[in-house]
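Keep in mind it's a predicted model, so treat the numbers as computed, not measured. FYI, the numbering just counts along the sequence from 1.
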Amino acid sequence: MESKPQNNYVRQMVIICALFFVFGFVTWLNGTLIPFLQIACDLHEKQALFVTFAFYMAYFFLAIPSSAILKKTGFKNGMALGLFVMALGSLIFIPAAQQRAFGLFLTGLFVQGAGLALLQTASNPYAAIIGPNESAAQRISIMGICNKIAGAISPLVLSAIVLNNATAIEEKIKVAAGEAQRTALLDELASKVIMPYIVMAVILIILAFLIKQSSLPEIDTDGAEAADGTEAAPKSSVFGHPHLLLGVICLFLYVGVEVMAGDVIGNYGRAMGMSLDTTKYFTTFTLVSMLVGYVIGIFTIPRFISQQTSLRVAAILGMLFTAGAFLTEGYTAVTFIALLGLANAPMWPAIFPLAINKLGKFTKIGSAMLVMGIAGGAIMPQIYAELKSTFGMANNTAFLVTMLPCYLYILYYSIAGYKVGLKK
């Protein structure tokens with residue numbers, strides 16, 4: 001009698017894991033795109049970091065509309081639509097590369113982010129709700145492993161294609177005899193990104209079709225039941241849940257530090273004089289570190305420590321590793337930044353279920369608001385770049401000033417913020 005529900009649960013988990021793999025693969029390509037577009041489109045660092053800005057701001061603008069779309073389409077059809085939108089974003093890279101137009105690249109990234117916003121809004125509450133709330137962090141950790149395995153692979157794949165012999169290419173461009181030769185070299189470099197994004201678009205369209213045809217069931221989040229099965233507090237508005245609002249801020253700051261550790265680590269190394277042939281692998285180091293953190297989370301949460309405790313420990317580690325990067329140089333500093341992946345790993349799995357706990361009928365809109373918080377990945381790299389370019393801060397000082405306040409707030413949420421407004 002119990003085998004069928006168990007099989008359904010496993011099937012649901014496999015589908016959601018596959019989607020999280022897609023999230024990771026697409027999202028963590030940005031670490032490679034930043035240096036690639038900086039060369040191909042002839043940009044300075046502050047301009048190149050608009051890669052993360054365009055991608056992550058899509059979550060801010062599309063998360064609430066995504067919630068409305070999901071009400072009309074349902075979760076499964078919404079996921080298929082999200083994959084299709086991501087495919088469209090990938091195809092925009094073709095004319096962008098042909099024209100070497102940075103604005104078109106940013107448009108493609110924004111469209112991809114829009115599709116991901118829809119996917120994230122649908123899939124995260126799925127992972128949180130399809131089982132007991134006390135083990136939600138464990139389930140999301142499993143999703144995180146799929147995400148970070150893909151994230152560790154994707155920069156290696158793309159950099160092997162578009163940044164092969166990157167240092168030599170940079171030198172050729174610098175010593176090009178005339179503007180025509182320089183333009184030809186840049187056009188040749190930009191064209192390398194076309195085929196990978198065509199392949200990605202095809203795969204995304206196939207996945208959209210498979211999700212559409214899958215047996216993935218709908219889940220009901222519009223009733224009065226809370227995520228943990230207890231009666232939700234009778235609130236007339238989602239804004240009557242302060243633990244959610246504080247959680248949105250927390251997730252905003254978390255994604256900011258995650259992107260700084262994953263996508264900006266290469267720029268950090270470049271600022272210390274390291275070659276692009278070396279720094280193009282740094283994003284993978286951070287993702288591997290996060291992967292280790294997710295594995296630890298699966299075996300320890302909630303068996304040995306609670307979601308709140310894991311978040312608290314993670315915030316403290318984040319502060320320590322940030323200080324380590326500030327106080328050291330060279331590969332030691334880079335190692336500390338990569339270790340931030342280990343500190344960041346338990347954060348999303350803990351913040352999301354804590355923030356949507358006992359939202360009842362507001363679960364969808366609450367999830368959408370949390371997904372809006374992913375815009376932190378757009379803002380934090382810009383703050384870092386601004387501190388360096390406008391205020392003239394040293395590389396390590398700008399990193400410290402950007403990161404440390406974020407971890408301090410995350411620590412506050414893990415201690416007190418998650419229970420503000422909840423009945424005991």
Side-chain angles (χ1 to χ4, degrees), residues 25 28-52 55 93 96-102 105-106 109 151-197 259-289 325 328-338 340-341 381 384-385 388-389 394-396 398-399:
F25 196 92
W28 294 104
L29 289 173
N30 291 336
T32 300
L33 284 175
I34 291 170
F36 170 75
L37 292 176
Q38 189 169 353
I39 299 172
C41 297
D42 201 15
L43 311 170
H44 56 68
E45 181 187 29
K46 188 176 177 181
Q47 290 174 310
L49 287 176
F50 272 99
V51 166
T52 57
F55 186 84
F93 271 61
Q98 290 171 338
Q99 300 173 38
R100 236 175 358 100
F102 187 52
F105 278 117
L106 295 183
L109 287 163
I153 293 171
S154 63
L156 296 178
V157 173
L158 189 63
S159 63
I161 298 170
V162 304
L163 290 178
N164 187 33
N165 296 321
T167 302
I169 292 171
E170 279 188 299
E171 289 302 317
K172 282 184 180 179
I173 293 170
K174 286 178 183 177
V175 300
E179 190 60 30
Q181 184 182 2
R182 186 173 183 275
T183 300
L185 286 169
L186 290 173
D187 288 343
E188 182 183 356
L189 176 64
S191 68
K192 289 184 177 183
V193 82
I194 293 176
M195 187 52 66
Y197 276 83
V259 171
M260 285 290 294
D263 286 340
V264 181
I265 185 173
N267 287 60
Y268 195 98
R270 294 269 282 169
M272 293 188 293
M274 298 178 183
S275 72
L276 185 52
D277 281 329
T278 300
T279 61
K280 68 183 181 182
Y281 299 114
F282 286 177
T283 294
T284 295
F285 296 157
T286 302
L287 271 293
V288 170
S289 180
T328 58
E329 295 180 356
Y331 288 107
T332 304
V334 169
T335 300
F336 275 118
I337 295 174
L340 285 171
Y384 166 73
K388 289 172 61 178
S389 63
N395 188 45
N396 61 340
F399 192 83

* To do: Verify side-chain contact (heavy atoms from CB on, under 4.5 Å) between Met272 and Asn396, making sure each step is shown before the conclusion.
  => CA-CA 10 Å; Met272 293 188 293; Asn396 61 340; over 6 Å; no
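- Ile161 and Lys192 make their closest contact through O-CD, 3.5 Å (heavy atoms, listed as atom of the first residue, atom of the second, distance).
- Between the side chain of Lys46 and the backbone N or O of Ser389, no donor-acceptor pair lies under 3.5 Å.
- Side-chain contact check for Pro35 versus Leu163: some heavy-atom pair is nearer than 4.5 Å.
- For the pair Thr278/Tyr331, a side-chain contact is recorded, criterion being any heavy-atom separation below 4.5 Å from C-beta on.
- Remark: Asp263 CG to Thr52 OG1 distance equals 6.5 Å, nearest 0.5 Å.
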* To do: Start with the C-alpha gap between Arg100 and Thr183, add the side-chain angles, then the distance that decides, and say whether side-chain contact (heavy atoms from CB on, under 4.5 Å) holds.
  => CA-CA 10 Å; Arg100 236 175 358 100; Thr183 300; 3.7 Å; yes
* To do: For side-chain contact (heavy atoms from CB on, under 4.5 Å), just list the numbers for Leu33 and Phe55, CA-CA rounded to whole Å, side-chain angles, deciding distance to a tenth of an Å, and then say yes or no.
  => CA-CA 11 Å; Leu33 284 175; Phe55 186 84; over 6 Å; no
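- For Phe282, the ring pair (Phe, Tyr, Trp, His ring centres under 6.0 Å) test picks out Phe285, with sequence neighbours left out.
- Between Lys388 and Glu45 there is a salt bridge, since a side-chain N of the basic residue sits under 4.0 Å from a carboxylate O of the acidic one.
- Residue Gly341 comes nearest to Ser289 through the heavy atom pair C-OG, 3.6 Å, listed as atom of the first residue, atom of the second, then distance.
- Using modelled atom types, one finds a donor on one side chain and an acceptor on the other under 3.5 Å when comparing Thr167 with Asp277.
- Within 6.0 Å of CD on Glu329 lie no more than 12 heavy atoms contributed by other residues, nucleotides or ligands.
- The nearest pair of heavy atoms linking Ala152 to Thr284 is O-OG1, 3.1 Å.
- We find that Glu170 and Arg270 are joined by a salt bridge, their nearest charged nitrogen and carboxylate oxygen being less than 4.0 Å apart.
- The structure places CZ of Phe336 at 10.0 Å from CG of Leu340, a figure rounded to the nearest 0.5 Å.
- Separating the CD1 atom in Ile39 from the CG atom in Leu185 is a distance of 11.5 Å, to the nearest 0.5 Å.
- Met274 and Val334 make their closest contact through CE-CG2, 3.9 Å (heavy atoms, listed as atom of the first residue, atom of the second, distance).
- Taking OG1 from Thr286 and CD1 from Ile337, the interatomic distance works out to 8.0 Å, rounded to the nearest 0.5 Å.
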* Might you work through the side-chain contact (heavy atoms from CB on, under 4.5 Å) test for Lys172 and Leu189, ending with a clear yes or no? => CA-CA 11 Å; Lys172 282 184 180 179; Leu189 176 64; over 6 Å; no
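- Remark: side-chain polar atoms of Ser159 are not paired, donor with acceptor, to backbone N or O of Thr32 under 3.5 angstrom.
- Here the straight-line distance linking atom OG1 of Thr283 with atom CG of Leu158 works out to 11.0 Å at 0.5 Å rounding.
- Within a 6.0 Å sphere centred on CD of Glu188, other residues, nucleotides and ligands contribute 12 heavy atoms or fewer.
- For residues 259-281, the ring pair (Phe, Tyr, Trp, His ring centres under 6.0 Å) pairs, not counting sequence neighbours, are Tyr268-Phe399.
- Taking CG of Asn267 as the reference point, atom CG of Leu276 lies at 9.5 Å (rounded to 0.5 Å).
- Closest heavy-atom contact between Phe36 and Ala190: CZ-CA, 3.8 Å.
- The two atoms that bring Ala338 and Ile265 nearest to each other are N-CD1, 3.9 Å, heavy atoms only.
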